[in-house]
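Note that ligands are numbered from 1 as they come in the structure, with each ligand's atoms numbered from 1 the same way. Predicted model only: the values in this text are computed from it and were never measured.
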Amino acid sequence: MFWDEAIETIKPAELRILQEKRLRETITRCMKVGFYQEMFRREGINPSDIRTLDDLKKIPFTRKSDLREGYPFGFMAVPLQEVVRIHTTSGTTGKPTVVGYTKGDIENWSGLIARNLTMIGLTNQDVFQNMVNMGMFTGGLGFHYGSEKAGITTLPAGTGNTKRQIEMIHDFGVTAIHCTPSYGLHLAEAATEMKMDLSSLRIGIFGAEPWSEKTRNELQKKLGVEAFDSYGMSELYGPGVAFECPEHKGLHIWHDSYLVEIIDPVSGKTLGPGERGELVVTPLVKEAMPLLRYRTGDITMIMEDACPCGRGPKLARFTGRSDDMLVIRGINVFPSQIEHVLLAIPEVGNHYMVYVDRINHMDEMTIEVEVSRDNFHGELADLKKVQNKVIKSLRDVLELRTTVHLVEPGTLPRFEGKAKRVVDRRGAD
Ligand code: DLL
């Protein structure tokens with residue numbers, strides 16, 4: 001069992017001492033990274049100037065776009081021989097963001113997930129089906145290692161083949177599942193169609209994309225589970241950063257491992273508890289890829305009320321992003337990546353529109369792109385090869401199936417001001 005009472009209910013004064021000690025260790029690790037050496041030099045900061053939590057404000061933010069500069073291994077604070085795992089996630093252009101883990105990181109990360117799973121009541125009596133991608137995405141292996149560490153019987157089911165997933169839940173008496181909320185709804189519908197009894201289920205963990213209370217109610221009713229919200233991001237290890245406890249009012253973040261700030265995304269000014277803004281995190285135990293004041297782009301707030309469970313301050317449910325990143329079926333997509341792909345294909349022009357819809361509970365992305373004038377000879381039907389090329393190139397970069405419609409030159413909207421090429425029609429849900 002992974003209920004670490006001493007750490008999970010640590011008193012604020014003791015927590016501060018621990019955080020400051022770990023902050024200083026993090027600074028030492030960051031000084032092995034060229035980006036931070038250069039930042040400290042530019043800002044005139046001496047590593048020994050950062051001793052307390054108040055000193056943190058002296059350090060500028062780190063952004064996802066900074067990580068791009070270091071592609072692939074520029075942000076590693078240890079030699080590659082000490083990196084035992086690499087995951088990647090979408091970056092703001094064609095290149096992914098690379099995240100590395102030492103053995104110690106894998107221990108820390110799986111320990112945090114084991115704590116979360118224990119917090120929501122999973123034990124070695126449970127059978128857990130992990131229905132997210134087991135590859136470069138952090139969600140699959142992250143939960144897998146955490147749940148094994150907590151002694152839970154774990155099925156690394158991965159994604160796809162919904163019929164087989166449902167049969168496994170039924171045949172193996174699965175008690176807990178993990179997937180994106182949209183896949184959870186899809187699964188529920190498929191189970192109803194198959195007339196399969198999933199009454200062994202009691203807990204559902206849903207995350208990797210924003211979801212609402214309405215979706216929670218639907219998931220709970222249709223799957224017969226208690227639904228828990230799980231938040232994370234690859235740069236901060238992956239899933240397991242913040243997690244709901246059985247109170248279901250906000251997400252606990254482990255303050256011994258993550259230093260949390262909320263800022264106004266425009267001015268960068270620090271906001272207090274109860275004020276909604278962008279989450280900025282300084283991970284305190286990351287070894288291979290330490291980060292300082294990392295701007296997550298995710299909008300939330302620190303909640304004012306203490307939680308009856310005794311654990312530290314919570315984050316409110318995430319309500320959106322401060323940038324233009326889209327989350328499609330749990331996969332992060334930046335509109336700039338789409339543009340990058342289209343501009344590299346000479347047969348299509350640089351006018352395009354992106355539509356995001358939710359069809360049968362699943363996110364669907366449709367891209368309309370104009371054929372370039374040189375390639376249009378009166379019949380779109382002749383351009384099937386071009387259409388397939390666009391679909392394939394998008395899939396290679398985004399790792400996502402998309403629908404592509406080629407349209408005649410000059411038919412898509414032109415913008416005078418800032419182009420608004422992305423239309424998200426998924427609504428509040
Ligand atoms: O999505 C890690 C994860 C895996 C979390 C499985 C939970 C479950 P990334 O692919 O790097 O990592 O995407 C991180 O997804 O910055 C948010 O914008 C969004 N996101 C993740 N969880 C939630 C959530 C994983 N519970 C990005 N609510 C983040 C809202 C979420 N948005």
Could you tell me which atoms of ligand 1, counted from 1 in the order shown, lie closer than 4.0 angstrom to a heavy atom of [X]?
X	value
Asp298	16 (O), 17 (C), 18 (O), 29 (C)
Thr89	10 (O), 11 (O)
Arg321	16 (O), 18 (O)

Below 4.0 Å from ligand 1: does a non-hydrogen atom of [X] turn up there or not?
X	value
Val132	no
Phe206	no
Arg317	no

Quiz item: When you measure from atom 11 (O) of ligand 1 to each heavy atom in Gly139, Gly142, Ser234, which option holds the nearest one?
Solution: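 Among Gly139, Gly142, Ser234, the closest heavy atom to atom 11 (O) of ligand 1 comes from Ser234.
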
Quiz item: For atom 22 (N) of ligand 1, which candidate among Gly330, Gly238, Ala208 holds the nearest heavy atom?
Solution: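 Answer by nearest heavy atom: Ala208.
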
Quiz prompt | Side chain, backbone, both or neither: Phe318 near ligand 1, heavy atoms under 4.0 Å | solution =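 Looking at Phe318 and ligand 1, just side chain atoms fall under 4.0 Å.
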
Exercise. Record the part of Thr138 in heavy-atom contact with ligand 1 below 4.0 Å; permitted values are side chain, backbone, both and neither.
Key: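 Side chain only.
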
Quiz item: Judging by distance only, is a nitrogen or oxygen of Thr296 under 3.5 angstrom from one on ligand 1?
Solution: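 In fact, backbone or side chain, Thr296 has no N or O that close.
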
Please examine the side chains of [Y] and [X], heavy atoms only from C-beta on, and report whether any two atoms are closer than 4.5 Å.
X	Y	value
Asp324	Val422	no
Ile169	Ser200	yes
Ile338	Met365	yes
Asn332	Met233	no

Quiz prompt | Passing candidate, salt bridge (Lys or Arg N to Asp or Glu O under 4.0 Å) with Glu278, options Arg295, Arg293, Arg63 | solution =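 It is Arg295; the other options fail the test.
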
Quiz item: Is it the case that Arg311 places NZ or CZ above or below the six-membered ring of Trp254, under 6.0 angstrom from the centre and within 45 degrees of the axis?
Solution: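 The answer is no; the distance or angle limit is not met.
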
Quiz item: Checking Arg329 against Tyr183: charged group under 6.0 Å from the ring centre and within 45 degrees of the axis?
Solution: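 Judged by the rule (NZ or CZ under 6.0 Å from the ring centre, within 45° of its axis), Arg329 is not positioned above Tyr183.
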
Could you check [atom] against the protein and tell me its nearest heavy-atom contact, residue, atom and distance included?
atom	result
atom 13 (O) of ligand 1	Asn332 ND2, 2.9 Å
atom 28 (N) of ligand 1	Glu209 O, 3.4 Å
atom 25 (C) of ligand 1	Gly232 O, 3.7 Å

Quiz item: Without hydrogens or angle criteria, can the side chains of Asp396 and Ser393 be said to hold a donor-acceptor pair below 3.5 Å?
Solution: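 No.
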
Quiz item: Under 6.0 Å between ring centres, would you say that holds for Phe334 and His340?
Solution: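 Judged by ring-centre distance (under 6.0 Å), Phe334 and His340 do not meet the cut-off.
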
